[in-house]
Protein chains: 2
Amino acid sequence: MATIKEIAKAAGVSHSTVSRALNHSPLIKEATRKRVQAIAAEMDFEVNQAARSLNQSISNTIGLVIPEFFGDMKSELFFASLIGKLIHTLQLQGFLIKIEYGGIEDQRVRRLARSKNVDGLILIQKDLPEEDFLVLKESRMPYVFLHYEPELFSTKDMNLVKTDHQYGGWLATSHLLTNGRRKLMTLTALDGISVEYQERTSGFLKALSEYREEQSGVIKTRLTFEDAYQKVFSSRKIQDGQINGLFAQTDIIALASIEAMKDLGIRVPEDISVIGYDNLEIGSYFKPYLTTVEQPVDALVAKGSDLLMRQIKEQGIFPEQQLIQPKLIVRSSV
Amino acid sequence: MATIKEIAKAAGVSHSTVSRALNHSPLIKEATRKRVQAIAAEMDFEVNQAARSLNQSISNTIGLVIPEFFGDMKSELFFASLIGKLIHTLQLQGFLIKIEYGGIEDQRVRRLARSKNVDGLILIQKDLPEEDFLVLKESRMPYVFLHYEPELFSTKDMNLVKTDHQYGGWLATSHLLTNGRRKLMTLTALDGISVEYQERTSGFLKALSEYREEQSGVIKTRLTFEDAYQKVFSSRKIQDGQINGLFAQTDIIALASIEAMKDLGIRVPEDISVIGYDNLEIGSYFKPYLTTVEQPVDALVAKGSDLLMRQIKEQGIFPEQQLIQPKLIVRSSV
DNA sequence: CTGAAAGCGCTTACAG
DNA sequence: CTGAAAGCGCTTACAG
């Protein structure tokens with residue numbers, strides 16, 4: 001409601017002076033600045049962002065391109081946490097948030113990239129058509145791919161912050177192996193869900209081959225507690241004691257596995273060791289406390305937003321990829 | 001990058017015509033409109049929101065005033081869900097989100113209310129100084145208090161959508177009573193956390209008095225799994241079999257209670273029935289499956305955003321309060 | 001049906 | 001140190 005003109009009138013100066021005073025311009029006499037600021041505070045003045053944005057060609061907005069399911073995430077607590085923390089961090093830096101639900105078919109990313117409606121883009125989506133990526137680069141819009149590495153295009157010439165899931169899978173599996181478990185199985189996502197699960201499986205196989213062991217089975221499941229429970233409960237190999245270690249690729253399906261084994265009369269970790277992936281809070285609630293690989297959410301958020309901020313400040317420093325190493329959280333299920 | 005002027009040049013019309021064509025003005029000839037739209041799409045045109053906002057005095061932004069802890073919520077999965085769904089709903093309506101972390105001390109709400117930087121305000125915070133509320137009303141800024149009912153001021157003359165937690169507490173307790181449990185205890189939050197827990201306790205007492213029973217104890221705990229576990233594990237009354245029903249006022253502390261009882265050698269529900277509150281997904285994972293009171297998150301989000309949208313459209317329809325009745329989810333822990 | 005003009009509320013180069 | 005002026009990119013009343 002209050003504008004700098006009204007403040008100007010009340011203070012007996014021009015609106016240019018008010019603008020400078022409120023923006024801490026060194027040109028303004030200290031006394032004037034104080035007087036103007038006092039009046040502005042008195043009037044509950046808040047600068048009109050639209051006017052400022054139009055003038056300065058900055059929007060103070062970050063576009064967040066995320067998977068459709070945010071807002072109704074059940075088995076995807078990791079995403080809830082990632083996106084929540086990201087929003088938290090961006091707001092602390094004073095940005096508005098423009099959420100766009102991904103989907104690689106439409107033109108949203110290109111249009112945003114070529115508009116002045118966002119100052120930067122955080123892309124959490126599995127993929128992007130190469131053509132859109134070219135528009136994005138050419139537009140000079142600051143961006144970072146977070147968590148997912150797009151595969152549809154070949155170049156590595158992009159800003160990217162992601163977790164080294166292959167290492168995570170290797171870490172989990174090595175931990176089972178060094179604990180004397182040799183008959184290992186992994187419980188992973190259905191095909192086409194996301195490459196990250198393929199990477200975890202690849203780490204699983206890598207660790208096994210280092211120990212000159214064969215895998216004893218790969219079970220694919222939807223990432224829900226119910227489905228994972230059923231898959232494990234009805235697995236012949238598990239029932240028959242043919243395996244003694246399970247790498248379940250999310251904590252939810254790891255907990256479901258333990259529950260299924262419990263109902264099968266199999267003891268964890270005495271008969272079968274189980275290791276999860278995510279380090280969700282609830283893994284530490286129930287016995288056996290879940291040994292797991294931590295998704296470095298905080299690091300992902302910190303490094304991702306940091307890289308974006310640097311891109312925004314220093315217009316187009318050159319592409320940077322960061323691969324974050326997850327950590328092992330040892331509890332009692334192995 | 002592209003502006004309506006450039007489109008105008010490419011289409012051989014004035015920029016006024018472009019603006020009208022893009023906004024589906026009925027004044028524009030069909031052929032012109034199609035041609036302009038095709039060119040705009042070709043150029044990946046996206047309207048400059050700052051310019052539009054400045055001109056129209058609308059920001060396309062909703063301010064979300066929420067508790068500080070979002071982004072690092074652990075025991076507060078309910079909030080993660082509420083805020084996630086709210087953001088999802090608002091973005092579907094095309095709004096930007098401006099997150100403000102509450103705290104009743106500063107002037108943020110007043111300043112936002114008197115600015116043109118948001119079109120409406122959703123307030124999820126425990127309280128607000130009465131003076132700020134008066135500024136809010138006087139400003140005619142559309143708003144709705146969601147989930148929390150501010151108590152610092154006396155009037156009921158506000159827009160409010162909340163859950164009837166007293167009814168929720170009554171519902172839980174009645175369910176225990178009708179199942180023959182008469183020695184009832186409740187596990188609630190520490191004082192001063194939020195009135196909603198007082199309301200749940202009040203419903204607990206109301207149900208008991210309808211059955212002419214006395215309460216057998218009120219335990220206060222932090223709302224973490226660990227703390228609740230300790231409180232229940234070390235409760236004399238529970239150890240000594242003096243109670244046969246527990247109303248735990250969140251699902252997390254209900255699950256912790258069940259775990260503590262398990263370790264105490266108490267069977268649920270045979271020895272003690274336990275009922276929770278929230279209806280978190282994980283309540284249905286482990287046996288005994290948790291009977292609980294559902295927090296009507298979807299209804300809260302739908303009715304809250306609906307009320308706000310109506311306030312925005314019909315500038316200042318009169319204040320409206322909606323009290324949402326939670327539902328009982330019967331599973332196997334009672 | 002279309003165009004020229006005014007104005008939304010700021011910031012900042014220019015002049016003093 | 002301060003002010004007058006221009007301009008950011010739109011929308012829309014006014015004129016034709």
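In the text below, chain A, chain B and the rest are named by the order of the sequence lines, each starting its count at 1. Just so you know, these numbers come straight off a predicted model, no measurement behind them.
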### Message
For B:Glu196, is there an ion pair with B:Lys162 - N to carboxylate O distance below 4.0 angstrom?
### Response
no
### Spacing of A:Met43 atom CE and A:Ile39 atom CD1 [to the nearest 0.5 Å]
8.0 Å
#### Entry: Options D:dG3, D:dT11, C:dT11, nucleotide nearest the side-chain atoms of A:Val13
D:dG3
### Task
Considering just the side-chain nitrogens and oxygens of B:Asn23, establish if one lies under 4.0 Å of OP1 or OP2 belonging to D:dT11.
yes
### Interatomic distance where CG belongs to A:Asn48 and P belongs to D:dC10 [whole Å]
17 Å
### Task
Take atom CG of A:Asn117 and atom P of D:dG9, then tell me their distance rounded to the nearest Å.
12 Å
### Task
Using a cut-off of strictly less than 4.0 Å, decide whether A:Thr17 has a side-chain nitrogen or oxygen near OP1 or OP2 of D:dT2.
no
### Message
Using OP1 and OP2 only, check whether a side-chain N or O of A:Lys5 sits under 4.0 Å from C:dG9.
### Response
no
### Query
Between D:dT11 atom P and B:Gln49 atom CD, what is the distance in whole Å?
9 Å
### Query
What does D:dT2 pair with, Watson-Crick or G-U, if both distances are under 3.5 Å?
C:dA15
### Task
Can you tell me the distance, in whole Å, between the CG atom of A:Leu22 and the P atom of C:dC10?
9 Å
### Message
Between A:Glu30 and B:Arg20, which residue's closest nucleotide on DNA chain D lies nearer the 5′ terminus?
### Response
A:Glu30
## Note on the structure
Quick note, B:Ser16 side chain, CB onward, closest among C:dC10, C:dA4, D:dG3 is C:dA4
### Query
Taking the side chain of B:Lys29 as its heavy atoms from C-beta onward, which of C:dC10, C:dC1, C:dG9 lies nearest to it?
C:dC1
### Task
Answer with yes or no whether the side chains of A:Ser16 and A:Ser19 bring together a donor and an acceptor at under 3.5 Å.
no
### Message
Roughly how many Å apart are C:dA5 and C:dC1, using the P atom of each and rounding to a whole number?
### Response
24 Å
### Query
According to a strict under-4.0 Å criterion, is B:Ser57 in side-chain N/O contact with OP1 or OP2 of C:dC8?
no
### Exercise: do A:Arg52 and A:Asn23 side chains pair donor with acceptor under 3.5 Å
yes
### Task
Measure from the side-chain heavy atoms of B:Ala51 and tell me the nearest of C:dG9, C:dT11, D:dG9.
D:dG9
### Message
Please determine whether the number of non-hydrogen atoms from other residues, nucleotides or ligands lying under 6.0 Å from atom CD of A:Gln56 exceeds 12.
### Response
yes
#### Entry: Nearest-Å distance for atom pair CZ/C1', residues B:Arg52 and C:dG7
17 Å
### Message
Would the base of D:dT2 count as contacting A:His15 through its side chain, where contact means a donor and an acceptor less than 3.5 Å apart?
### Response
no
### Message
Rounding to an integer number of Å, can you tell me how far A:Asn60 CG sits from D:dC8 P?
### Response
20 Å
### Query
Tell me: CD1 of A:Ile7 to P of C:dG9, nearest whole Å?
13 Å
### Task
For A:Ile28, answer base if it contacts any base atom (sugar-phosphate contacts may also be present), sugar-phosphate if it contacts only those atoms, and nothing otherwise; contact means non-hydrogen atoms under 4.0 Å.
sugar-phosphate
### Query
Which part of the nucleic acid, if any, lies within contact of B:Leu27, taking any heavy atom under 4.0 Å across all strands shown: a base, the sugar-phosphate backbone alone, or nothing?
base
### Task
Give one of base, sugar-phosphate or nothing for A:Asn55, where a contact means two heavy atoms less than 4.0 Å apart.
base
### Query
Is any side-chain N of the basic residue among B:Glu6 and B:Lys9 closer than 4.0 Å to the acidic one's carboxylate O?
no
### Task
Find the distance A:Arg35:CZ to D:dC1:C1' and express it as a whole number of Å.
13 Å
### Task
Look at A:Gln56 and D:dG7 and indicate whether a side-chain polar atom (N or O) is within less than 4.0 Å of OP1 or OP2.
no
### Residue-phosphate contact under 4.0 Å: A:Thr32 side-chain N/O, D:dC1 OP1/OP2
no
### Task
Ignoring backbone atoms, establish whether B:Ser19 has a side-chain N or O less than 4.0 Å from OP1 or OP2 of D:dT11.
yes
